[in-house]
S.K.: 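Below is one structure. I have some questions about it.
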Amino acid sequence: MLEEVNGKFKAVILDMDVVIIQNAKLHASAWKMMFDEFLLRKNGPEYLPMDIEKDYKKYFDGISEFEGVRNFLESRGIKLPDGAAKKEEEDTVNGLGMRKDEIFLNLLDKEGADVYPDTLELVRNWKSNGIKLAVISASRNCRRILEAAGIADLFDVRVDGQTLQEENLQGKPEPDIFQTAADRLGFEVNQCVVIEDAFPGVEAGKKGKVLFVVGVARNEGEESSLTEAGADLVVKDLGEVMNKITGEAKALTADELPDALAHLDRIMEELGSKTPVLFLDYDGTLTPIVSDPEEAIISEKARNIVRELSSIITVGVISGRDRQNVAAKVNLENIIYAGSHGFDITGPDDLEMQYEPGIKILPILDEAENNLKEKLKGMAGAQVERKKYAIAVHYRNVAEGSVQELKNAVNEELKQQDKLKIGAGKKILELKPDLDWHKGKALSWLLEKLELKSDKYVPFFIGDDVTDEDALKVIKDTGIGIIVGLHEEKTSAGYRLEDTDEVIRFLDKLKNRLKDQLQKQDKK
């Protein structure tokens, strides 16, 4: 991930359109206006007009304009000579390109140039920290566009369509433009981070062996093509890049995260030659959330996949359930069980731990349990579930008008018990020991205890609830965290899965990929 290049990169090279400037629509409109006029003259009223949605991305985005003209004309069965560089009145490749430029500049004068706020913030941050910046573009109007947006002075170097023409450089997907920008910045290309939005640009960056390529997927469905092109990191918002460069914590909601199934190749690249260590929540992750917790039964398919994974790598289940309860539900040997949010842990090779300070609070939990059962005994649907180190009060089946009454009863009991604290989950309130111990602490303890906290291993954690955030935070910078479900709350996860079915599919694919790796190693 990008944090790995901190201290190594000296400069950043940013593509202009879509990464910096919101002018793709102006460019596309200008191309369409120019080509539709030309095609009408060339082919008559039956001409096939340019389709902005299909043709612009395919023939023009990230590609030099003259190459784009040639490719588009070829798609219409038309071949034109290159023509003179400054004769826009001619029906030549150069002439059509110049006509488009004139139309575009007229649109630019009328509508102006808008900068993406996330990019502006990032560029200003880098600028203030002494990072050298270059802007690159296939457009010959790059300077004028930057000036119209008022940001030309932010960049140390500009390499654009005019440079490509004057110096006879090849356009993307060849890496000439990045090499030239790096040279003018005074650095090697492998000291530069490149930020691109289109397949040819990402491909050019990888071909040129830049240090790191960030793909910006502004629109839905673009992530996969950028990943396929070889982007080291794909983001929707450059604020994600800001986080990794500056260390600022800007958590995202689940729907802002990349899909773990769609980005399994990228996850495997992050994993590299390291060994994964897999930790899973139970409810809402391995099984769907149900009205009666005892009806949350893991499927045989899921159990078999987890069993196979545990024969390859270390696997653990970290649950809010009692350790004995979750162990009985999963019913697999050779995996780690951490119950009661990590207060009670067992595993292979005589692994065992009960968090000592929690044991002293068991009598207080006994008292609170009895009190809550008495307070809520007449409330339909309320369920007080005692775990060894916690009391879960479920209100999923409580009438909406009675939920506040239930919450008041729990809060009243909390006031009487100064050694307990409250936690929230999905339609659950929990009273648990007021101690600095949780799923994240348990996960960290397990990594230390099992000597898995090293460069040889990458911890995974998959969970669905706010109580899983503690574990996701622990591995945020060193592992791979996956949140299940589309929550509105901010999360420390790096990827998302929609539901438990997707979790099982992901685990199955991960298992198969790991098996393939092992087979390849055995053959060597």
Side-chain angles (χ1 to χ4, degrees), residues 1-6 118 122 193 195 212-217 220 222-224 226-228 230-272 274-281 284-285 313 316 318 439-440 443-444 447 452-453 455 457-500 502-503 505-507 509-510 513-514:
M1 295 298 287
L2 190 53
E3 55 264 74
E4 295 174 5
V5 308
N6 279 341
D118 57 332
L122 184 59
V193 169
I195 303 183
F212 198 92
V213 179
V214 179
V216 184
E220 287 297 323
E222 293 180 344
E223 297 97 326
S224 58
L226 294 173
T227 301
E228 289 169 10
D232 298 297
L233 174 68
V234 178
V235 298
K236 292 182 179 179
D237 187 310
L238 283 174
E240 298 174 55
V241 179
M242 171 79 82
N243 296 343
K244 298 183 184 302
I245 290 294
T246 64
E248 294 175 12
K250 181 185 174 186
L252 302 172
T253 57
D255 63 348
E256 296 175 301
L257 296 175
D259 182 274
L261 274 170
H263 292 80
L264 181 58
D265 286 343
R266 191 169 94 194
I267 290 172
M268 296 305 294
E269 285 180 10
E270 290 180 47
L271 187 59
K274 299 176 183 179
T275 302
V277 183
L278 178 64
F279 295 96
L280 304 155
D281 180 37
T285 300
I313 59 174
I318 305 179
K439 288 185 178 183
L443 175 52
S444 187
L447 293 174
L452 299 171
K453 218 169 195 178
D455 292 340
Y457 301 96
V458 175
F460 280 62
F461 185 85
I462 307 177
D464 73 301
D465 209 347
V466 292
T467 57
D468 296 312
E469 286 300 319
D470 293 318
L472 291 168
K473 287 176 185 175
V474 164
I475 66 164
K476 182 176 176 63
D477 296 326
T478 58
I480 295 170
I482 302 175
I483 190 73
V484 183
L486 298 180
H487 313 286
E488 294 182 358
E489 298 86 359
K490 300 290 186 179
T491 177
S492 293
Y495 296 90
R496 64 176 169 82
L497 291 168
E498 189 169 328
D499 51 31
T500 55
E502 286 202 350
V503 172
R505 286 173 55 203
F506 175 81
L507 293 177
K509 288 179 179 293
L510 178 66
R513 295 290 286 270
L514 294 174

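Bear in mind the structure is a predicted one, so any value in this text is a computation, not a measurement.
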S.K.: Of Val213, Val216, Leu233, which meets side-chain contact (heavy atoms from CB on, under 4.5 Å) against Ile195?
M.R.: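 It is Val216, the one option of Val213, Val216, Leu233 that forms the side-chain contact (heavy atoms from CB on, under 4.5 Å) with Ile195.
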S.K.: Once you round to the nearest 0.5 Å, how far does CZ of Arg505 lie from OG1 of Thr500?
M.R.: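 These two atoms lie 12.0 Å from each other.
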S.K.: Look at the side chain of Glu256 and the backbone N and O of Thr253, then say whether any donor-acceptor pair between them is shorter than 3.5 Å.
M.R.: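 Indeed, once roles are kept as given, a pair shorter than 3.5 Å links the two residues.
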S.K.: Would you give the length of the straight line joining atom NZ of Lys509 to atom CD of Glu502, rounded to the nearest 0.5 angstrom?
M.R.: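 Going from NZ on Lys509 over to CD on Glu502, the span is 11.0 Å.
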S.K.: Are any side-chain N or O atoms of Glu223 and backbone N or O atoms of Ala217, one a donor and one an acceptor, separated by less than 3.5 Å?
M.R.: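 No.
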S.K.: Are Lys439 and Asp281 ion-paired here, with the side-chain N under 4.0 Å from a carboxylate O?
M.R.: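 Yes, Lys439 and Asp281 are salt-bridged.
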S.K.: For the NZ atom of Lys473 and the NZ atom of Lys476, what is their distance to the nearest 0.5 Å?
M.R.: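 Interatomic distance, Lys473 NZ to Lys476 NZ, rounded to 0.5 Å: 10.0 Å.
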S.K.: Show the numbers, then the answer: is there a side-chain contact (heavy atoms from CB on, under 4.5 Å) between Thr275 and Val458?
M.R.: CA-CA 6 Å; Thr275 302; Val458 175; over 6 Å; no
S.K.: May I ask you to test the Phe460-Ile475 pair for a side-chain heavy-atom distance under 4.5 Å?
M.R.: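 They are not in side-chain contact.
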S.K.: Distance check, rounded to the nearest 0.5 Å: Leu510 atom CG versus Ile267 atom CD1?
M.R.: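 So the CG of Leu510 and the CD1 of Ile267 are separated by 8.0 Å.
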S.K.: Quick one: are Ile462 and Val484 in side-chain contact, heavy atoms under 4.5 Å?
M.R.: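 In contact.
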S.K.: Check whether any side-chain N or O of Asp465 sits under 3.5 Å from a backbone N or O of Asp468 as a donor-acceptor pair, and report yes or no.
M.R.: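 It does not hold such a pair.
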S.K.: For Ala254 and Gly485, work out which heavy atoms get closest and say how close.
M.R.: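 So the two residues come closest at CB-O, 3.4 Å.
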S.K.: Give a yes or no on this: more than 12 heavy atoms of other residues, nucleotides or ligands lie within 6.0 Å of atom NZ of Lys236.
M.R.: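 Count over threshold, so yes.
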S.K.: For a quick test of reading the model, state the closest non-hydrogen atom pair linking Ala231 to Gly215 and the distance between them.
M.R.: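 Shortest heavy-atom contact: CB-N, 4.0 Å.
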S.K.: Any side-chain heavy-atom pair from Leu514 and Ile313 closer than 4.5 angstrom?
M.R.: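 Yes, side chains in contact.
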S.K.: Report yes or no: does Asp118 contribute a side-chain atom to a donor-acceptor pair with the main-chain N or O of Asp237 at less than 3.5 Å?
M.R.: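 No, Asp118 side chain to Asp237 backbone: no donor-acceptor pair under 3.5 Å.
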S.K.: About how many Å separate OG of Ser444 and CG of Leu452, when rounded to the nearest 0.5 Å?
M.R.: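 Going from the CG atom of Leu452 to the OG atom of Ser444 covers 11.5 Å.
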S.K.: Would you kindly say whether Thr478 and Lys453 are connected by a side-chain donor-acceptor distance under 3.5 Å?
M.R.: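 Note: Thr478 and Lys453 side chains miss the donor-acceptor criterion.
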S.K.: Which atoms form the tightest heavy-atom contact between Thr285 and Gly463, and what is the distance?
M.R.: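 Of all heavy-atom pairs spanning Thr285 and Gly463, the closest is OG1-CA, 3.5 Å.
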S.K.: Does any part of the side chain of Pro258, heavy atoms only, come nearer than 4.5 Å to the side chain of Arg266, both counted from C-beta?
M.R.: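 Yes. Closest side-chain heavy atoms under 4.5 Å.
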S.K.: Would you mind reporting whether Leu507 and Leu278 have side-chain heavy atoms less than 4.5 Å apart?
M.R.: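 Of all side-chain heavy-atom pairs linking Leu507 with Leu278, at least one is under 4.5 Å.
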S.K.: Please determine whether a side-chain nitrogen of the Lys or Arg among Arg513 and Asp265 lies less than 4.0 Å from a carboxylate oxygen of the Asp or Glu.
M.R.: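 Salt bridge: yes.
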S.K.: If I take atom NE2 from residue His263 and atom OH from residue Tyr495, how far apart are they, to the nearest 0.5 angstrom?
M.R.: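 It is 7.0 Å, given to the nearest 0.5 Å.
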S.K.: For Leu472 and Ile482, work out which heavy atoms get closest and say how close.
M.R.: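 Heavy-atom minimum between the residues: CD2-N, 3.8 Å.
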S.K.: Are any of the side-chain heavy atoms of Leu261 and Leu497 separated by less than 4.5 Å?
M.R.: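 Yes; the side chains approach each other to less than 4.5 Å.
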S.K.: Do the side chain of Arg496 and the main chain of Leu257 share a donor and acceptor less than 3.5 angstrom apart?
M.R.: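 Looks like yes, one N/O pair under 3.5 Å.
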S.K.: Side chains of Leu447 and Phe279: does their closest heavy-atom pair fall under 4.5 Å?
M.R.: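 They are in contact (side-chain heavy atoms under 4.5 Å apart), so the answer is yes.
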S.K.: Got Ile483 and Glu469 here, is their nearest side-chain heavy-atom distance under 4.5 Å?
M.R.: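 Contact flag for Ile483/Glu469 side chains = yes.
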S.K.: Do Leu443 and Ile318 pass the side-chain contact (heavy atoms from CB on, under 4.5 Å) test, and can you show the C-alpha distance, the side-chain angles, and the key distance before you say yes or no?
M.R.: CA-CA 8 Å; Leu443 175 52; Ile318 305 179; 4.1 Å; yes
